[in-house]
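Letters go in sequence order (proteins before strands), and every chain restarts at 1. As the structure is a computational prediction, the values presented were derived from the model and not from experiment.
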Amino acid sequence: MRTAKPNPHAPLVAGIDFSAPSPQVARQLIGVTLLIDGVGGRIVETEAYDVGEGACHAFAGRNERNATLFGPPGHAYVYRSYGIHWCINFVCREEGHAAGVLIRALEPTHQLDRMRERRGLDEARLLCAGPGRVGQALGIDRSFDGMRLDAAPFSLLAPPRDRPPPAVVRGPRIGITKAAALPWRFGEKGSRFLSRRFAP
DNA sequence: CTAGTGATCCGCT
DNA sequence: GCGGATCACTAGA
């Protein structure tokens, strides 16, 4: 059994090594449960970003907005999208190497009523099907930027080991124009809680 | 089903 | 000024 003791030098949360390359982390996060103050669900869709490719917020260098991406792994990077939505990434690699995984969709499992309140919507399928919707359903805002993922209000729960791991599919990332060919989007095969279908 | 559009912030060219 | 790692809503095929 692995200890849950916080240790910034071995950034393991829910059994995932956040110092690994972001596509590997993005793949492993499928099936992990993400809760904020006990509200959330199973991660069913992610995207990886890395400073070495043009779609990454850190591609053009460090600035005030993306500074957290350059920090230590195992922390939350929260940014404002299109001036309206809050989206959350998990920071990967190591201090100075900007990389992260965007949480694009959850299968709601915990405190759906709380998420319904925040989203003003009943249908479970649409509560967390997209990065902006995840942010709204979990009550994320700028104050979460830079928080560590191994302490309150965050909980990351590894997938149950007594069941087969989810089947994972991959494809090109959504909504970007640069480095659009990289297959760095990951999702649970057949999930009805994805932001969009994966091409067959 | 697809296509088009407005909302609204902020760092960059 | 420009343009996004988006969403909700509308109109039309």
Separation of dT6(C) P from E45(A) CD (nearest whole Å)
10 Å

For R173(A) and R185(A), indicate whether the former's side chain and the latter's backbone hold a donor-acceptor pair under 3.5 Å.
no

What nucleic acid atoms does G83(A) come within less than 4.0 Å of, heavy atoms only: base, sugar-phosphate, or nothing?
base

What is the distance, rounded to the nearest whole Å, between atom CZ of R80(A) and atom C1' of dG3(C)?
16 Å

Most 5' of K178(A) and A129(A) on DNA chain C, judged by nearest nucleotide
K178(A)

Separation of the C1' atoms in dC10(B) and dA8(C), to the nearest angstrom
23 Å

Cluster check V91(A), F154(A): I/L/V/M/F/W/Y, side chain < 4.5 angstrom
no

Any side-chain to backbone donor/acceptor pair from D50(A) onto P21(A)? Under 3.5 Å, distance only.
no

At under 4.0 Å, does any side-chain N or O of R104(A) touch on OP1 or OP2 of dT6(C)?
yes

dT6(C) C1' sits how many Å from R173(A) CZ, rounded?
16 Å

Find the distance F59(A):CZ to dG4(C):P and express it as a whole number of Å.
14 Å

Among M115(A), R125(A), R114(A), which residue satisfies the side-chain contact (heavy atoms from CB on, under 4.5 Å) criterion with P108(A)?
M115(A)

Gap between atoms CG and C1', on N63(A) and dC9(B) respectively (whole Å)
14 Å

Measure CD/E47(A) against P/dT6(C) and give the value in whole Å, please.
7 Å

What is the base-pairing partner of dT8(B), counting Watson-Crick and G-U wobble geometry with both distances under 3.5 Å?
none

Identify which one of L194(A), I174(A), T46(A) satisfies the side-chain contact (heavy atoms from CB on, under 4.5 Å) criterion when paired with R104(A).
I174(A)

Take the protein atom CZ of R197(A) and the nucleotide atom P of dC1(B), then report the distance between them rounded to whole Å.
8 Å

Distance between P atoms of dA5(C) and dT13(B) (Å, rounded):
14 Å

Short side-chain N/O contact from R133(A) to OP1 or OP2 of dA8(C), under 4.0 Å
yes

Is a donor-acceptor contact shorter than 3.5 angstrom present between the side chain of Y82(A) and the base of dA5(C)?
no

Within this structure, what is the CZ-to-P distance between R65(A) and dT8(B), rounded to whole angstrom?
19 Å

Do we see Y49(A) stacking on the base of dA5(C), given a limit of 5.5 Å between centres and 30° between planes?
yes

Using a 4.0 Å heavy-atom cut-off across all strands, classify R119(A) as base, sugar-phosphate, or nothing.
sugar-phosphate

Over all strands shown, is I84(A) touching base, sugar-phosphate only, or nothing at heavy-atom distances under 4.0 angstrom?
base

Aromatic ring proximity H57(A)/Y49(A), centre distance under 6.0 Å
no

State whether N89(A) places a side-chain N or O below 4.0 Å from either non-bridging phosphate oxygen (OP1 or OP2) of dA5(C).
no

Hey, is the side chain of H85(A) poking within less than 4.0 Å of OP1 or OP2 on dC7(C), counting only N and O atoms?
no

Once you apply the 3.5 Å cut-off to both distances, tell me the Watson-Crick or G-U wobble partner of dA5(C), or none.
none

